[in-house]
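The structure appears right after this line, and notes come after that.
In what follows, chains are A, B, ... by sequence order, proteins preceding strands, each numbered from 1.
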There are 2 protein chains.
Amino acid sequence: MSIDRKQLILEAASKSFTMFGYKATTMDQVAKLANVGKGTIYTFFKNKEELFDEIIKGLVREMKVAAEESYDESKSFYENVHRSLMRVLEFRKEHQLTIKLFQEEKEMGTPAVTEVIGTLEKVVITFIKDRVVQAIERGDITDCDPELTAFVMLKLYIALIFDWEKNHKPLEKEQILSLFQKYIFDGLSR
Amino acid sequence: MSIDRKQLILEAASKSFTMFGYKATTMDQVAKLANVGKGTIYTFFKNKEELFDEIIKGLVREMKVAAEESYDESKSFYENVHRSLMRVLEFRKEHQLTIKLFQEEKEMGTPAVTEVIGTLEKVVITFIKDRVVQAIERGDITDCDPELTAFVMLKLYIALIFDWEKNHKPLEKEQILSLFQKYIFDGLSR
DNA sequence: TGAATGACTAATTTGTCCATTTGGTCACTT
DNA sequence: AAGTGACCAAATGGACAAATTAGTCATTCA
């Protein structure tokens with residue numbers, strides 16, 4: 001049996017997207033990186049955008065699995081957020097790709113990237129929202145709008161990961177976690 | 001004494017920036033709107049960018065005065081944040097301008113606008129930071145990194161004002177205030 | 001014989017003019 | 001002396017050409 005060409009292509013494309021972004025990676029380049037003919041790519045993927053979407057779908061799937069694995073019914077909501085966040089932050093490769101995509105979205109506005117980020121955010125918010133609903137039912141957290149809460153958590157995460165680095169040195173994983181605790185869970189009041 | 005032409009120009013430009021953004025307002029247009037000759041503008045302002053900067057300086061000054069007026073030493077930090085936020089949200093005209101600028105920054109990346117927003121954020125963060133330092137000293141809030149806290153507060157504000165509207169109906173002033181209370185001050189924990 | 005390929009084509013992007021617009025000046029008016 | 005708008009140089013936008021890139025398909029070869 002020959003090597004799995006589809007996998008080779010996915011990995012090559014993923015690497016290229018991470019390094020150069022969506023717009024700047026050419027299909028020729030992906031073919032070269034994957035050591036396959038360009039035509040081969042098109043036997044597995046209808047076009048560039050579908051190749052991109054499949055990579056994102058894979059990323060979402062892995063993230064979801066990771067977040068679900070780290071979920072423990074018996075632990076508190078905060079504990080679970082902590083563990084999920086930790087797991088997500090440890091996905092260096094996937095994380096790097098999303099960072100690159102956020103960059104490209106911000107400074108070039110590539111439509112395919114904008115779209116992907118939109119769905120990515122929707123998926124994440126839906127995921128968090130469901131957990132928030134459970135947490136409210138269980139009485140882990142105070143009553144709140146689950147969608148809005150998920151939205152705020154995601155925005156806080158993005159702000160700490162992407163925006164803070166623009167003018168300051170990056171935050172450590174542990175810092176990000178403790179900031180989540182401080183701002184979202186405990187609050188600043190005495 | 002004739003009418004204050006400088007003021008006329010500032011108001012006309014401000015109005016035009018608010019309606020069409022920085023790039024799309026022409027100096028001819030501003031002259032027409034202000035009912036002055038184009039040359040007159042250049043007797044008061046070196047160029048378009050300086051005219052823009054003066055408008056922003058004015059906006060910052062007014063905001064600062066408003067925030068300072070609404071500050072009351074005898075009240076708690078949260079109470080003061082509440083009052084300042086309320087005042088800022090009531091500046092319809094200035095608020096409209098900043099919204100337009102944020103839009104232009106996001107979808108066209110006009111350099112002059114990017115720069116202005118950068119300094120605007122710096123000013124706001126410095127302002128909040130100072131208040132946070134005081135609040136910590138007074139024991140109003142738990143110990144925290146003042147800069148990071150100011151950053152988080154600003155980002156939360158921007159997320160609620162600008163980003164939430166992309167996919168949901170705008171939040172009311174009262175909602176925004178209560179969300180600040182919920183997420184930043186009280187926390188979600190029970 | 002069918003999976004893989006890369007030369008080929010169509011479509012998109014980039015680069016280069018030129019026409020138009022716009023920021024900025026200044027001789028002239030009031 | 002303050003104010004102006006015709007004027008000029010610089011920036012911008014649009015039309016067209018050149019170059020790059022996405023996507024196809026006849027050919028190869030295992």
Side-chain angles (χ1 to χ4, degrees), chain A residues 1-56 100-101 104-105 107-116, chain B residues 1-56 100-101 104-105 107-116:
Chain A
M1 158 210 161
S2 71
I3 34 174
D4 186 348
R5 295 175 187 285
K6 185 170 181 182
Q7 205 51 37
L8 278 178
I9 293 165
L10 280 171
E11 272 157 30
S14 194
K15 208 170 283 180
S16 185
F17 287 146
T18 306
M19 291 196 295
F20 311 112
Y22 176 77
K23 207 189 159 198
T25 75
T26 68
M27 295 302 260
D28 275 311
Q29 199 178 34
V30 172
K32 280 254 166 45
L33 261 173
N35 272 102
V36 299
K38 191 159 65 148
T40 309
I41 301 178
Y42 289 90
T43 64
F44 295 111
F45 308 96
K46 208 169 72 244
N47 51 38
K48 187 179 177 183
E49 196 160 343
E50 199 183 82
L51 169 58
F52 184 44
D53 288 345
E54 282 229 28
I55 287 172
I56 300 298
K100 188 75 198 177
L101 294 179
E104 188 171 349
E105 144 71 8
E107 62 200 27
M108 329 210 329
T110 317
V113 175
T114 306
E115 201 183 325
V116 156
Chain B
M1 159 208 160
S2 73
I3 33 173
D4 186 348
R5 293 173 189 286
K6 184 171 181 181
Q7 204 51 39
L8 278 178
I9 293 165
L10 281 171
E11 271 157 32
S14 193
K15 208 171 283 180
S16 186
F17 287 147
T18 306
M19 290 196 295
F20 310 111
Y22 176 77
K23 208 190 158 195
T25 77
T26 68
M27 295 301 260
D28 274 310
Q29 199 179 34
V30 173
K32 281 254 166 48
L33 261 172
N35 271 104
V36 298
K38 192 163 62 150
T40 309
I41 301 177
Y42 289 88
T43 64
F44 295 111
F45 308 95
K46 207 168 76 243
N47 52 38
K48 187 179 177 182
E49 197 161 342
E50 199 182 84
L51 169 59
F52 184 43
D53 288 346
E54 282 228 28
I55 287 172
I56 301 299
K100 187 77 198 177
L101 293 180
E104 189 171 348
E105 144 72 7
E107 62 200 27
M108 329 211 330
T110 318
V113 175
T114 305
E115 200 182 325
V116 156

_If I take atom CG in residue B/L51 and atom C1' in nucleotide C/dT22, what distance separates them, rounded to the nearest angstrom?_
15 Å
_Please give me every residue in residues 17-32 of chain B whose heavy atoms get under 4.0 Å of an atom in DNA chain C, ordered by residue number._
B/T25, B/T26, B/M27
*asked:* Among residues 40-50 of chain B, which ones have heavy-atom contacts with DNA chain C below 4.0 Å?
replied: B/Y42, B/N47, B/K48
*D/dG3 C1' sits how many Å from B/N35 CG, rounded?*
13 Å
*Spell out, as yes or no, whether a donor-acceptor pair under 3.5 Å connects the side chain of A/K48 to the backbone of A/T25.*
yes
*Can you name the salt bridge (Lys or Arg N to Asp or Glu O under 4.0 Å) partners of B/E11, sequence neighbours left out?*
none
Quiz: residues 32-41 of chain B side-chain donor-acceptor pairs under 3.5 angstrom, not counting sequence neighbours:
{"from": "B/T40", "atom 1": "OG1", "to": "B/G37", "atom 2": "O", "distance (Å)": "3.3"}

_ring-ring contact (aromatic ring centres under 6.0 Å, His included): pairs with one or both residues in residues 15-44 of chain A, sequence neighbours excluded_ = A/F17-A/Y22, A/F17-A/F52, A/Y22-A/F52
*Which whole-number value in Å describes the distance from B/K38 NZ to D/dA6 C1'?*
10 Å
_Contacts of A/E105 that satisfy salt bridge (Lys or Arg N to Asp or Glu O under 4.0 Å) - sequence neighbours left out_ = B/K106
*Listed partners of B/E104 passing salt bridge (Lys or Arg N to Asp or Glu O under 4.0 Å), at least two apart*: none
*Any side-chain heavy atom of B/L101 within less than 4.5 Å of one from B/T18?*
no
*asked:* Can you list everything that forms a side chain to side chain donor-acceptor pair (under 3.5 Å) with B/S16? Sequence neighbours excluded, please.
replied: B/Q29
*OP1 or OP2 of D/dG3 under 4.0 Å from side-chain N/O of B/R5*: yes
Which protein N or O atoms sit under 3.5 Å from an N or O of nucleotides 28-30 of chain D?
none

*By salt bridge (Lys or Arg N to Asp or Glu O under 4.0 Å), which residues pair with A/E49, not counting sequence neighbours?*
none
*Where the side chain of B/E50 meets the backbone of B/K46, is there a donor-acceptor pair that is under 3.5 Å apart?*
yes
